[in-house]
Every structure is written in structure tokens, then in C-alpha cells.
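Notes follow once the structure below has been shown.
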There are 2 protein chains.
Amino acid sequence: MLLESLRLFAHQGFPGTSTRQIAAAVGIKAPSLYEHFPSKQHILERLVLIGHRDLLAAFERTLAECEPDPVAQVRALVRTHVLTHVTYPLLAIVTNDELHHLAPERSAEALALRARAERLATEPGLRGARQGVFSPTELVATTAAIASMGVRAPYWFLPTPEQGPADLADSFAELAIRMLRPDRRSPG
Amino acid sequence: MLLESLRLFAHQGFPGTSTRQIAAAVGIKAPSLYEHFPSKQHILERLVLIGHRDLLAAFERTLAECEPDPVAQVRALVRTHVLTHVTYPLLAIVTNDELHHLAPERSAEALALRARAERLATEPGLRGARQGVFSPTELVATTAAIASMGVRAPYWFLPTPEQGPADLADSFAELAIRMLRPDRRSPG
DNA sequence: GTCTATATGATGATAGAC
DNA sequence: GTCTATCATCATATAGAC
């Protein structure tokens, strides 16, 4: 039922999905949904919490297992970010795009998780810049660019035998380092 | 009325916006809308066409005014892509996110424009890779990453006196080149 | 836990007066 | 071009039987 809702929310959006559609996908009638969730919004809230908890937990595991070098950390974090997004693309889409359809009191926890994840994931870039191993053109914009790669990936990426999720994650991790590192050839 | 619809579609999505809300924002009653557009979908169709036409036209102008060097072309195209997205952020959001709420016959023209724009914008990267001035880790993924920067920009970027749209466009153009160029320090 | 029946209101769109 | 009145349908959610 969470899975069916996820699929529908991802394809049609939260307001574009009716409780009848969810029920039909599960194989029951709409009123029976309210035996499991008190409202349609609560279903979305649950999904959005799962998505944010997954990402935060993945970031925490990544940093715990990684050597403290900023370059290694950024590589590992970008890999984790991309892998999380393309491994559960529908969850990533719903988590990112439909969160704002929740009433403030039901999105607050997810937003807090997001803020924590963001701090965790951006810290190594900051530290690397302070240490001089990174010299991005503009750190905030570069951080946003790196995050954007992963956030958009679920919308276009289809794994193939030649390029699986791990391959994309490796490629994007390499791109992140290229973005952050000074390039001797281009001035400024 | 297009502007009011744009604002509402961007913030609430197409299914989450009612004709009554649009009418109220314009200062009329809902039935009067149908004097100007035959349906709610036709309003979205118009917006989505404007968005896609703007981007394609901007790409065409950019290439017409640019020297044929791949590096210069990619820089100019990324600048244009980013500028278009952050100059009309609501239009970019609606054009990208709400297009799929149109019936196929009303999204076809926009999709055709998108395909043309995509070909135009990716060609210099391909040519540069063939010529050896670029050596991305993986060209398709890198192209997607570069596009992602611009597509996501309307969601977070707020111009300030220190960093206006042109500054962000310059930063992202530089990042695109860094992504595409070979980096002597990192093997592979 | 599921159903049928239903409450209550919103939805996109139309008819027809002015 | 705008309105009021309205249609037919859909929405989320509840009541109560089984």
C-alpha cells in the first residue's frame, strides 16, 4: 500500500492522486484505506519520512566508514547521494517533489532530517576549501551543482548492464572532484 | 492571467490548482476563464510552449553569435541554459515539472521543441569529445550533470547584489568545462 | 479489515442573462 | 467579457453492517 501510493504519487503527484486510485491499486475500496492511515496526507508523510531517514542514515554510514580526507569524503558522499537516488528513484522523486504538499506540522520532521543531512554532506567540501585542497569557483553554487546531479538522476537514469547505479555514482563522484579542484589551465 | 496561472501552477502544481483559484487571482469568476481559454489544460499548454520556445530560441541565438570552438560553445550554452532558468524560474519549473500533466496531443509540440533544443545543446560537447579537447568520464552522464545544474537552479537560487543570475551562469559554465576537461591529476 | 452507503464539499465546465 | 446559476462528477472522509 505504501508502495502503490509511492508509484502513484511519483507519476501523478500528490494532488493528482485520489484515494480511490490508491485503493484500486491495492485491491480494496477507498474507505478501507482509513483503517491503515488516518488520511491521504499521512501516507505521503510516511513516505517522505522514509526517504529522508534513508538518506540521512546513508550519509552517516558513509562518513563513519570513510577516512577523514576531504577528497575521499566528498567522493564517498556523492556516491552515496547518487546511489540512494537511483536505487529508489520513485522514493527520491516523491520525497523531493511532493514534500511541500504536506501541512507544515507534517513536513517539519522531514525538513529537520533534510537540514541535518545537508550539514553532514556539505561539511567536507567546506573543510576541503579551508584546507586549500579544493578551490571551487564559488562554493555554494558548486555544492548546489553537485547536489543537483544526484537529485535529477532519478528522472533520466535507466540502469543497463554496461552502466549500473554504481557506475553512475562513480562517474558523478569524479565530476564532483573535478568541479571542486582547481584547474591549472583555466585562470580565475 | 497566464502570469497568475504560472504562479499557481509553479507553487501548487497543475492538479493542485483549481480554475476558481486562477480566476480569483485574476479578479474574475471561474466561468469567465473559458472566454480566454477552452480549458485549464490549454492554459498549461500555452505556458509550456512559451517555456520551450524561449529556451530553443535562446540556444539558437547563442550558437549563432558564438565562435565555433567547442569550449566557447559549451560555455555559452551553459550560460544561456542557466540564465534562462533563473531569469524566469517559475516558467522553468512549470515547463519542466507540469508538462506531463498534459494529454499527449497537447504536449507533443513542446516535446518536439525540447528534443531540438537538446540536440542543439549537446552537439558541441559531442564534437569536443571527438576532437579530444574534452575527455569526460562518461559523456552522457556528464551532459546530464551539466543540464541538471541549470534545471535545479530555479529551486534554490535567489539573486543578490553580490551574485546575480549572470554570476551564477558564469560559475556553472566554468564547472561544466571542469567536468568535461581531462584532469591531469586524477587517473582514469 | 473490508464492505456499502453516505455526508459534505470541491472540481472542471456549460447555459444563458446582461 | 463578465456574471449567476447550475450540471455532473469527483474529492476526502465517516458511519455502521458484516
Side-chain angles (χ1 to χ4, degrees), chain A residues 1-51 90-91 93-95 97-110, chain B residues 1-51 90-91 93-95 97-110:
Chain A
M1 165 163 179
L2 277 173
L3 277 169
E4 290 87 352
S5 303
L6 176 65
R7 203 169 35 82
L8 288 164
F9 290 162
H11 287 119
Q12 307 177 347
F14 178 73
T17 302
S18 72
T19 53
R20 282 170 174 77
Q21 284 180 300
I22 298 172
V26 178
I28 58 179
K29 302 291 180 181
S32 303
L33 290 178
Y34 294 85
E35 196 67 27
H36 306 275
F37 290 91
S39 81
K40 194 176 91 164
Q41 276 213 19
H42 283 82
I43 303 178
L44 177 59
E45 180 190 23
R46 175 72 66 86
L47 289 170
V48 154
L49 277 176
I50 293 172
L90 298 183
L91 185 59
I93 288 172
V94 167
T95 298
D97 290 358
E98 309 299 328
L99 171 68
H100 72 281
H101 287 116
L102 289 175
E105 67 267 25
R106 269 197 283 283
S107 62
E109 187 176 347
Chain B
M1 162 164 178
L2 277 173
L3 277 168
E4 290 88 353
S5 302
L6 175 65
R7 202 169 37 81
L8 288 164
F9 290 162
H11 287 117
Q12 308 178 345
F14 178 74
T17 301
S18 72
T19 54
R20 284 166 176 78
Q21 284 180 301
I22 299 172
V26 178
I28 59 179
K29 302 291 179 180
S32 304
L33 290 178
Y34 294 83
E35 197 65 29
H36 307 275
F37 291 90
S39 81
K40 194 176 91 163
Q41 276 212 20
H42 283 82
I43 304 179
L44 176 59
E45 181 190 22
R46 176 72 66 87
L47 289 170
V48 155
L49 276 176
I50 292 173
L90 298 183
L91 185 60
I93 287 171
V94 167
T95 297
D97 289 358
E98 309 299 329
L99 171 67
H100 73 281
H101 290 298
L102 289 176
E105 67 267 25
R106 270 197 282 284
S107 61
E109 187 176 346

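Just so it is clear: chains get the letters A, B, ... in the order the sequence lines come, proteins before strands, and each one is counted from 1.
- Listed for the A/E35 side chain is no donor-acceptor partner under 3.5 Å among the backbone atoms of A/S32.
- When all heavy atoms are compared, the tightest approach of B/V26 to B/M1 is CG2-CA, 3.8 Å.
- End-to-end axis angle for the helix from C/dG1-D/dC18 to C/dC18-D/dG1, using five pairs per end and rounding to 10°, comes out at 0°.
- Contacts between residues 44-51 of chain A and DNA chain C, defined by a heavy-atom separation under 4.0 Å, are absent.
- Of the possible polar contacts, one joining the A/E98 side chain to the A/F14 backbone as a donor-acceptor pair under 3.5 Å is found.
- Near DNA chain C, meaning a heavy atom under 4.0 Å away, the residues from residues 30-43 of chain B are B/P31, B/Y34, B/S39, B/K40.
- Under the 4.5 Å side-chain criterion, counting only non-hydrogen atoms from C-beta, A/H11 is not in contact with B/H100.
- Looking at residues 8-24 of chain B, you'll see that no heavy atom sits under 4.0 Å from any atom of DNA chain D.
- The environment of CZ in A/R106 is crowded: more than 12 heavy-atom neighbours from other residues, nucleotides or ligands sit within 6.0 Å.
- A/P15 places a side-chain heavy atom less than 4.5 Å from the side chain of A/H101.
- Of the possible donor and acceptor atoms, one in the side chain of A/T17 sits under 3.5 Å from a partner among the backbone N and O of A/G13.
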- Go through B/I28 and B/L33 one step at a time and tell me if the side chain to side chain contact (heavy atoms under 4.5 Å, CB included) criterion holds. CA-CA 8 Å; B/I28 59 179; B/L33 290 178; 4.0 Å; yes
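- Rounded to whole Å, the distance from CD1 on B/I28 to P on D/dT4 is 12 Å.
- In this structure a side-chain-to-backbone donor-acceptor pair under 3.5 Å is missing from A/E109 to A/L49.
- The interatomic distance linking A/K29 (NZ) with C/dT6 (P) rounds to 16 Å, in whole Å.
- By the side-chain hydrogen bond (donor to acceptor under 3.5 Å, both in side chains) test, A/E4 pairs with no residue at all, sequence neighbours left out.
- Between atom OG1 of residue A/T95 and atom CG of residue A/L6 there is a gap of 8.0 Å, rounded to the nearest 0.5 Å.
- Here ring-ring contact (aromatic ring centres under 6.0 Å, His included) pairs that include residues 28-50 of chain A, with residues two or more places apart or in two chains, number zero.
- Distance alone, capped at 3.5 Å, places no donor-acceptor pair between the B/K29 side chain and the B/A24 backbone.
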